Amino acid sequence: MQHVLPRFSSLICFCLLTLTLLNCSIQPEPKLQSPDENISVAFSLSEAGVPEYQIAYKDKSVILPSRMGFEIQDQIPLKDGFRIAEMNYRMEDETWAMPWGEQDSVRNQYNEMQIVLEETKAPNRKINVVFRAFNDGIGFRYEFPEQPNMKDILITDENTQFNLTGDHKVWWQPGDWDIYEHLYSATNFSEIDAISKQNDPNLKASYIPENAVNTPVTMKTAEGIYLSFHEADLTDYAGMTLKVDASNNSMMSELVGSERLGGKAAISAPFNTPWRTIQIADRAGDLIESKMVLNLNEPNAIGDVSYFTPMKYVGIWWEMHLGKSTWDMEGSQSMNTFTNTGEIRTNHGATTENAMRYIDFAAANGIKGLLVEGWNTGWDKWINTDDREGVFDFMTPYADYDFEKVMAYAREKGVEVIMHHETSAAPLTYEKQMDVAYKFMKDNGMNSVKTGYVGKIIPKGEYHHGQWMVRHYHKVLEEAAKMKIAINAHEPIKATGKRRTYPNAIAREGLRGQEFNAWAADGGNPANHLPTIAFTRMLSGPIDFTPGIFNIKFDEYKPDNQVSTTLAHQLALYVVIYSPIQMLADLPEHYTENGKPHPALQFIRDVGVDWSVSNVLEGEVGEYVTIARKERGSGNWFVGGITDEEGRTETISLDFLEPGKTYEAILYEDGTDAHWDTNPRAYAIRSMDVTSTDTVEVVLAPGGGFALSLKGK
Ligand code: NOJ
Ligand code: CA
């Protein structure tokens, strides 16, 4: 960390600051620029002493003057009557190593400006605003310093405004306090209507109180500039949605509430809020390559995480979503209604024999992990009841699941079993048992757990994305870290880059995953879903999407549901979606063709999960995206490209390869006449030798994709 004198405009500010300190009637106009000087942020106080900021990119305004302030229980609002008491500048330029990730290391370079504000009248409260200008965007947060008139406070509203410069095109999902499992809509800003998304028949725990959007929310201006709004380092505060003022091109922070708390966030000064982040880019792909949200988090606080190995895994999972088998052993209706089959049947998926079958498949294909859902008792009792405390104990296997035998067989075959903890959204039950449950895992050689929070949060009045649950999710990370356990959370709080500080936060769901294709009443995820996710949800962090469905139509199980992509699109997702864990989501028997291993399975066997370089070659939000990644260790490259309902032809330049080296290329592409609906399984495989001077032309079918592996010779 370096403390240096500010440069350029900041110097002028410093002179003004000196004046200010001598004569309080003159207020400085603090400015900050990104290291490359393309992005600038200006802070000012209105005549009434209201704090305002504005942002420009390449000399064009991208955020118009926007207010900042807070409403606090039993206090007058903290929003005006301020003077600038102090300004401090700082620069940072460091590089940190990713223990696992999209790249080996990350450069964290920014200029920082801290503005110390003080009310000119009693109670003379103080608040600081800190801006960081990066080459790829702006982050800012509020600091509540220790002070006599503001110690323990309840924030009833944070009023951070984001005034846009026009009626931008927006890829948005509703500002739901409980769930991020919505489809994205692409509309102009003025047409955002989140309330119309209430009562989604697939989302029982959904709560959308305002016309607001969840973050990350991505936009494109008429000039072709991409913006994405999110937050970083959400640790002890309520999640932020953005309330939409559709007629004024304006958004306002709308924190997730708590009826139990009677407000949004209870804080104790000194306290820093999460960072409010605005990514700014000329190229849609630069949004994906940006590491700004991660950089706004603190460095690794838990040390070595080598107990977690990035891996591909299989799971006793999709078969329950298809309705082939059940989570519970009792044949009750409860969890099985989740799959809309409506029938009562006893066909437990997590049996000893079935687990051994999956282990055999994993071992035969070099797949490291196995997830077993429905292994523990309790699955007959939850989902349809409000009384879900104490349903699961995370320790007791079903009678037909010989836990020890499965673990021993997995060990013998070199497969690592991933634990599953469905909490049924009863976090207090989970917190009570966490230490015992984690010890049980470690005693049995398990290093990672998929957690789940299906249903409305108990106690009533709390929401998945409110401060109380943010604290819970954080506690889980901390307790798990102490026990050397990695967490893959489903129904989670959104990712805000905390994996930098807690690299045991390996992946999460927090989106409309593959599961929806098995049972969603609306027909599942359309082909443009992942080309949208790549530029929205994926900007926040790794996704446990569970790709790799080969039996695309699965009519034998669900004639009315299907995956709406081609098989090659499913392959491409192993590269397009970033996650250090990637499931082979389909059933072992579906990875065959004519009684033999399916030829396209070879790509999934080969593809990496841990990368030293990631390049977004091209893409447009909601339409298509092509990503190339270099595997750590082997130096092999993998490229994945996906498209929406439109077919397209792409020419991939291989100039990212090491010059002069020959690579064996295997291209897995859509077959002639492939189509996400009429012919989704048609594929073709081409092999060739290539070098960095070559290009590869590939035709993507409607809803299609391609996957390319490039092994150095
Ligand atoms: C929802 C999760 O997203 C899914 O992956 C899991 O199988 C079920 N909950 C049961 O826990
Ligand atoms: Ca889910």
Side-chain angles (χ1 to χ4, degrees), residues 157 169-219 229-230 238-248 250-264 337-340 383-386 388 424-425 452-470 490-494 509-513 515-517 519-526 528-529 532-533 536-537 540 561 622:
D157 262 315
K169 173 125 191 228
V170 186
W171 290 267
W172 60 274
Q173 65 157 268
D176 195 317
W177 287 14
D178 266 310
I179 214 149
Y180 306 112
E181 300 184 13
H182 292 271
L183 285 174
Y184 282 80
S185 299
T187 69
N188 278 1
F189 185 83
S190 58
E191 290 155 1
I192 294 175
D193 180 9
I195 299 299
S196 69
K197 309 291 176 188
Q198 282 174 341
N199 307 321
D200 183 327
N202 300 308
L203 301 175
K204 294 197 179 82
S206 195
Y207 179 56
I208 307 168
E210 301 277 359
N211 188 23
V213 294
N214 276 338
T215 73
V217 57
T218 299
M219 307 186 183
F229 298 79
H230 189 47
M240 177 180 74
T241 70
L242 293 169
K243 191 150 108 187
V244 169
D245 179 351
S247 43
N248 290 308
S250 176
M251 303 188 292
M252 179 76 91
S253 58
E254 176 73 15
L255 301 181
V256 172
S258 155
E259 273 112 50
R260 294 202 316 147
L261 200 60
K264 304 290 175 74
T337 58
F338 189 54
T339 64
N340 299 328
I383 210 92
N384 287 334
T385 162
D386 280 343
R388 281 169 275 123
S424 67
Y453 296 84
V454 173
K456 287 199 178 293
I457 297 293
I458 314 175
K460 208 164 180 244
E462 297 295 358
Y463 299 91
H464 282 75
H465 310 155
Q467 185 188 26
W468 191 79
M469 279 304 289
V470 167
H490 278 225
E491 297 75 45
I493 186 64
K494 59 187 159 185
E509 189 193 39
L511 88 167
R512 215 172 125 116
E515 60 181 3
F516 276 75
N517 292 327
W519 40 254
D522 58 12
N525 303 329
N528 69 11
H529 185 52
T532 308
I533 289 295
T536 51
R537 157 69 180 87
S540 66
N561 297 84

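Counting begins at 1 with the first residue of the sequence. Note that the coordinates shown come from a computational prediction; the quantities given were computed from them, not determined experimentally. Hydrogens, waters and symmetry mates play no part in the numbers below; they use all other heavy atoms, side chains included.
Legend: residues meeting side-chain hydrogen bond (donor to acceptor under 3.5 Å, both in side chains) with Asp178, ordered by chain and number and at least two apart, are His464. Considering only residues two or more places apart in sequence or on other chains, Tyr207 meets the ring-ring contact (aromatic ring centres under 6.0 Å, His included) condition with Trp177, Tyr463. For Trp171, there are no side-chain hydrogen bond (donor to acceptor under 3.5 Å, both in side chains) partners, not counting sequence neighbours. Applying the side chain to side chain contact (heavy atoms under 4.5 Å, CB included) test to Ser253 and every residue at least two apart in sequence or in another chain returns Glu158, Thr160, Met240. Take Arg512 and apply the salt bridge (charged side-chain N to carboxylate O under 4.0 Å, His left out) test, not counting sequence neighbours, and it matches Asp522. By the side-chain hydrogen bond (donor to acceptor under 3.5 Å, both in side chains) test, Ser196 pairs with no residue at all, sequence neighbours left out. Legend: residues meeting side chain to side chain contact (heavy atoms under 4.5 Å, CB included) with Ser190, ordered by chain and number and at least two apart, are Asp167, Asn188. Residues meeting the side-chain hydrogen bond (donor to acceptor under 3.5 Å, both in side chains) test with Lys456, sequence neighbours left out: none.
The CD atom of Gln173 sits 10.0 Å away from the CD1 atom of Ile179 when rounded to the nearest 0.5 Å. Note that OG of Ser185 is 3.5 Å distant from NZ of Lys197, once rounded to the nearest 0.5 Å. Taking CG from Asp157 and CE from Met252, the interatomic distance works out to 8.5 Å, rounded to the nearest 0.5 Å. A distance of 10.5 Å separates NE2 of His230 from CG of Leu242, quoted to the nearest 0.5 Å. Put simply, CD1 on Ile457 and CE on Met469 are 3.5 Å apart, with the number rounded to the nearest 0.5 Å.
Side-chain N or O atoms of Arg537 include one that pairs as donor or acceptor with a backbone N or O of Gly510 at under 3.5 Å. Between the side chain of Asn517 and the backbone N or O of Asn525, at least one donor-acceptor pair lies under 3.5 Å. Remark: side-chain polar atoms of Asp193 are not paired, donor with acceptor, to backbone N or O of Asn211 under 3.5 angstrom.
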Would you sort out whether Trp468 and Leu261 count as a side-chain contact (heavy atoms from CB on, under 4.5 Å), showing the intermediate values?
CA-CA 9 Å; Trp468 191 79; Leu261 200 60; over 6 Å; no

Kindly determine whether Ile192 and Val170 satisfy side-chain contact (heavy atoms from CB on, under 4.5 Å), including the steps that lead there.
CA-CA 8 Å; Ile192 294 175; Val170 186; 4.1 Å; yes

Could you go through Asp176 and Ser206, starting from their C-alpha distance and side-chain angles, then the distance that decides it, and tell me whether this counts as side chain to side chain donor-acceptor pair (under 3.5 Å)?
CA-CA 6 Å; Asp176 195 317; Ser206 195; 2.3 Å; yes

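For the ring pair (Phe, Tyr, Trp, His ring centres under 6.0 Å) condition, the pairs that include at least one residue of residues 180-205, sequence neighbours left out, are Tyr180-His465. Sorted by first and then second residue, the salt bridge (Lys or Arg N to Asp or Glu O under 4.0 Å) pairs with a member in residues 251-263 read Lys243-Glu254, Glu254-Lys264, Arg260-Glu462; sequence neighbours excluded.
With a 4.5 Å cut-off on side-chain heavy atoms, Thr536 and Val217 do not count as touching. For the pair Asn214/Lys494, no side-chain contact is recorded, criterion being any heavy-atom separation below 4.5 Å from C-beta on. Considering only heavy atoms from C-beta on, Ser424 stays 4.5 Å or farther from Val454 through its side chain.
Residues Ile208 and Ala194 share a closest heavy-atom pair of CG2-O, 4.0 Å. Taking all atoms of both residues into account, the shortest heavy-atom contact from Gly455 to Ala425 is O-CB, 3.5 Å. When all heavy atoms of His490 and Tyr453 are compared, the pair lying nearest together is O-CD1, 3.3 Å. Pairing each heavy atom of Val213 with each of Trp172, the nearest pair is CG1-CB, 3.7 Å.
Of the listed residues (Leu203, Leu511, Asp200), just one forms a side chain to side chain contact (heavy atoms under 4.5 Å, CB included) with Glu181, and that residue is Leu203.
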